[in-house]
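Heads up: the structure comes next, in structure tokens.
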Amino acid sequence: MTRTPIAQILSSEEVPDSVLVQGWVRTKRDSKAFSFIELNDGSCLSNLQIVADAVLPGYEDAVLHLTTGASVSVEGKIVPSRGKGQKWEMQATEVTLLGLAEEDFPLQKKGHSMEFLRSIAHLRPRSNLFGAVFRVRSRMAYAIHQFFQDRGFFWVHTPIITASDCEGAGEMFRVVTMDGDEIKLGDDEFFGKPSYLTVSGQLEGETFATALSNIYTFGPTFRAENSHTSRHASEFWMIEPEIAFCDLEGDMGLAEEMLKYLASDALENCSEDLNFFNRFVDKGLIERLEFVRDRDFQRISYTDAVELLKESGEKFEYPVEYGLNLQSEHERYLTETHFECPTTVFNYPKEIKPFYMRKNDDGKTVAAMDLLVPGIGEIVGGSQREERLDLLRENMAAHDLDEAEYSWYVDLRRYGTVPHAGFGLGFERLLMFVTGVTNIRDVIPFPRTPGSAEF
RNA sequence: UCCUCUGUAGCUCAGCGGUAGAGCGGGUGGCUGUUAACCACUAGGUCGUUGGUUCGAAUCCAACCGGAGGAGCCA
């Protein structure tokens, strides 16, 4: 008999008479004549309640000594439940123990801190919360591909090892080879020059956007910054669409449409897990996702945002002044206090943005945009790219970049240049937004942060 | 890199200068169509590490190690 996922059983109107389920025991309650086993196989949040009569062959060995965490294989009939709390339950005809869980199995039925669960990252997917997080993670990855593929975007696999620093994107990890304990550098360098783990696939993405028109990347990204915050990781996943024949307006539109699409997809396809988050993690989650799905986002230029912050009467720790970066507290005020909804800030001063962003006609600002969401801050950062050869060269010089290092990037402006734009969406930040989980370490299977690369 | 908090049983925590505690989890027994089941008994600890103060340190002090939060940087 082949295994039937518990999700399939619990969502059925009519079920096959006799099925096989396999999974891990969440809890067990014994009485004299039978035991209730709560079995979870990760296919959904809910457990299947199994009734195992004491007269079953092997009851003593296979059932009586079961503890939380043990793995079992159970054959039986699905019947309407006589108890409250579930529609179906299983009347077991055969219970086979696959593996006991030793008595110090760390996952209990209640009261674990996120910090503790992080320390047992190999077992935490078996908890309700993390099972739900990683089911939603899978679904969101699927929905992202669907969103782009439905709109004619091609998925491009940009390199993970790179020799070009996407300027300003952050500190990089160096890639080296070893001879014993000796790191090979200089002339012995494997790639003939210093190479790094990618901090962004954007520059390579642009080369494909100027060929296939609409592309996106979706893959791991690495930043060697020594950040200790709940929203930074050294290894994370990023989605970077790049669109030819597109300006900032279209770029902002796509980012907003995408966020709405993903909120809608999660509400539609992850309702059981979202309801769980809504109960135990963030009471306003579903309401917020519905808001994001149904209502328009706010847009405000950097210049207007600075004015708004100055006139808000709010006391900020850091100064608000044209030409300075908006601080976390300023972004939070805009999206959480003033607008109370996702907010796109656009047209930043050129001095605080990277070389590749397109200069606006005012000569002072560039066509950049950041999409801010309540509770998390920046979730998308993007821009229209500078497609004019002379202006790009000026920008590179102004940023002290060696044009020779970026000759292939400059070439895109020499051979059939086109207006184009794109953005980066942090996948984990999206998941924080969709699940209500407040620490990035808890939405990625095995988090890498400074000083921590266990598992 | 800077600032702040924190480390006691498998887990969550109490104790805050005078013989190491509870709940949950584990074991044993009982009871019940139960559902964070319930009741009784029981095992389980170099109080993060090292040093210091003290008649006496889980408790006070210092350093170190681990964890967390915030700032910056960004996604």
Side-chain angles (χ1 to χ4, degrees), chain A residues 26-39 46-53 64-69 79 81-86 89 91 100-120 123 127-128 166 168-171 199-202 220-240 255 280 317-318 324-329 331-332 352-354 370-373 376-382 423-433 438-444 449-452 454:
Chain A
R26 281 295 170 79
T27 180
K28 184 193 59 154
R29 298 173 289 275
D30 295 320
S31 71
K32 195 166 235 168
F34 54 88
S35 297
F36 291 108
I37 301 167
E38 294 282 337
L39 196 73
S46 299
N47 304 321
L48 178 65
Q49 173 164 292
I50 294 167
V51 183
D53 286 330
L64 215 47
H65 293 97
L66 280 184
T67 53
T68 301
V79 296
S81 180
R82 286 160 60 188
K84 286 177 185 163
Q86 62 278 315
E89 66 183 20
Q91 185 70 45
L100 278 175
E102 295 182 15
E103 62 186 48
D104 60 353
F105 182 65
L107 282 171
Q108 292 175 21
K109 287 173 276 182
K110 62 179 242 184
H112 291 298
S113 65
M114 299 297 262
E115 290 81 12
F116 169 69
L117 290 166
R118 229 168 270 157
S119 74
I120 52 165
L123 297 172
S127 66
N128 286 333
C166 190
E171 297 294 310
V199 293
S200 168
Q202 181 199 315
T221 307
F222 307 86
R223 305 263 168 103
E225 267 132 20
N226 193 15
S227 330
H228 290 100
T229 83
S230 55
R231 56 194 191 287
H232 289 87
S234 311
E235 177 183 301
F236 62 98
W237 285 57
M238 190 155 64
I239 298 100
E240 296 180 288
F280 295 107
E317 194 184 337
Y318 291 89
L324 298 180
N325 264 310
L326 296 179
Q327 304 286 320
S328 290
E329 58 174 345
E331 295 182 344
R332 239 180 283 125
I352 58 173
K353 288 293 180 183
D370 283 351
L371 205 175
L372 315 173
V373 296
I376 293 161
E378 184 178 343
I379 196 167
V380 166
F423 62 81
L425 168 76
F427 187 47
E428 283 75 20
R429 289 193 182 169
L430 169 80
L431 288 169
M432 292 165 73
F433 183 66
T438 55
N439 196 311
I440 197 167
R441 298 174 183 92
D442 300 324
V443 295
I444 189 164
T449 52
S452 174
E454 290 303 305

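Chain A is the first sequence line, chain B the second, and so forth, proteins listed ahead of strands; every chain is numbered from 1. Here the structure is a predicted model, which is why all the values come from computation and not from measurement.
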Show the distances under 3.5 angstrom between N or O atoms of the protein and N or O atoms of nucleotides 69-71 of chain B.
residue: G69(B); atom: OP1; partner: N439(A); partner atom: ND2; Å: 2.3
residue: G69(B); atom: OP2; partner: R441(A); partner atom: NH1; Å: 3.0
residue: G70(B); atom: OP2; partner: S230(A); partner atom: N; Å: 3.3
residue: G70(B); atom: OP2; partner: S230(A); partner atom: OG; Å: 3.1
residue: G70(B); atom: N7; partner: H228(A); partner atom: O; Å: 3.2
residue: A71(B); atom: OP1; partner: R332(A); partner atom: NH2; Å: 2.8
residue: A71(B); atom: OP2; partner: R231(A); partner atom: NH1; Å: 3.4
residue: A71(B); atom: O2'; partner: Y318(A); partner atom: OH; Å: 2.9

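- In plain terms, the two heavy atoms of H228(A) and P450(A) that are nearest each other are NE2-CB, 4.0 Å.
- G15(B) and A22(B): their P atoms are spaced 15 Å apart (whole Å).
- Between K84(A) and T449(A), the one whose closest nucleotide on RNA chain B sits nearer the 5' end is K84(A).
- The side-chain heavy atoms of V199(A) and F222(A), taken from C-beta on, include no pair separated by under 4.5 Å.
- F236(A) qualifies as a stacking partner of the A75(B) base, centre to centre under 5.5 Å and near-parallel within 30°.
- Look at the P atom in both G48(B) and A14(B): the space between them is 13 Å, to the nearest Å.
- Atom CD of E454(A) has 12 or fewer neighbouring heavy atoms from other residues, nucleotides or ligands inside a 6.0 Å radius.
- A68(B): Watson-Crick or G-U partner is U4(B), with both key distances under 3.5 Å.
- Residue order along RNA chain B, read from the 5' end via each residue's closest nucleotide, puts P450(A) first among G424(A) and P450(A).
- Of the side-chain N and O atoms in T27(A), one or more sit less than 4.0 angstrom from OP1 or OP2 of A37(B).
- Between R231(A) and S328(A), the closest side-chain pair of non-hydrogen atoms falls below 4.5 Å.
- With both ends at atom C1', the span from G10(B) to G45(B) equals 12 Å, rounded to whole Å.
- Counting heavy atoms from C-beta on, the side chains of T67(A) and K28(A) never come closer than 4.5 Å.
- C60(B) and C3(B): their P atoms are spaced 22 Å apart (whole Å).
- The shortest distance between side-chain heavy atoms of M238(A) and Q202(A) does not fall below 4.5 Å.
- Between F34(A) atom CZ and U35(B) atom C1' there is a gap of 12 Å when expressed in whole angstrom units.
- The separation of A37(B) from G25(B), taken at their C1' atoms, amounts to 15 Å, rounded to a whole angstrom.
- A donor-acceptor contact under 3.5 Å links the side chain of H232(A) to the base of C74(B).
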Distances for protein N/O vs nucleotides 27-31 of chain B N/O pairs under 3.5 angstrom?
residue: C31(B); atom: OP1; partner: K32(A); partner atom: NZ; Å: 3.0
residue: C31(B); atom: OP2; partner: K32(A); partner atom: NZ; Å: 2.7

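- Not counting sequence neighbours, F105(A) has no partner by the ring-ring contact (aromatic ring centres under 6.0 Å, His included) test.
- For U34(B), its base sits under 3.5 Å from the side chain of Q49(A) at one donor and acceptor pair at least.
- Between N226(A) and E171(A) there is no side-chain heavy-atom pair separated by less than 4.5 Å.
- Contact between the side-chain N/O atoms of R29(A) and the OP1/OP2 oxygens of A37(B) is found at a separation under 4.0 Å.
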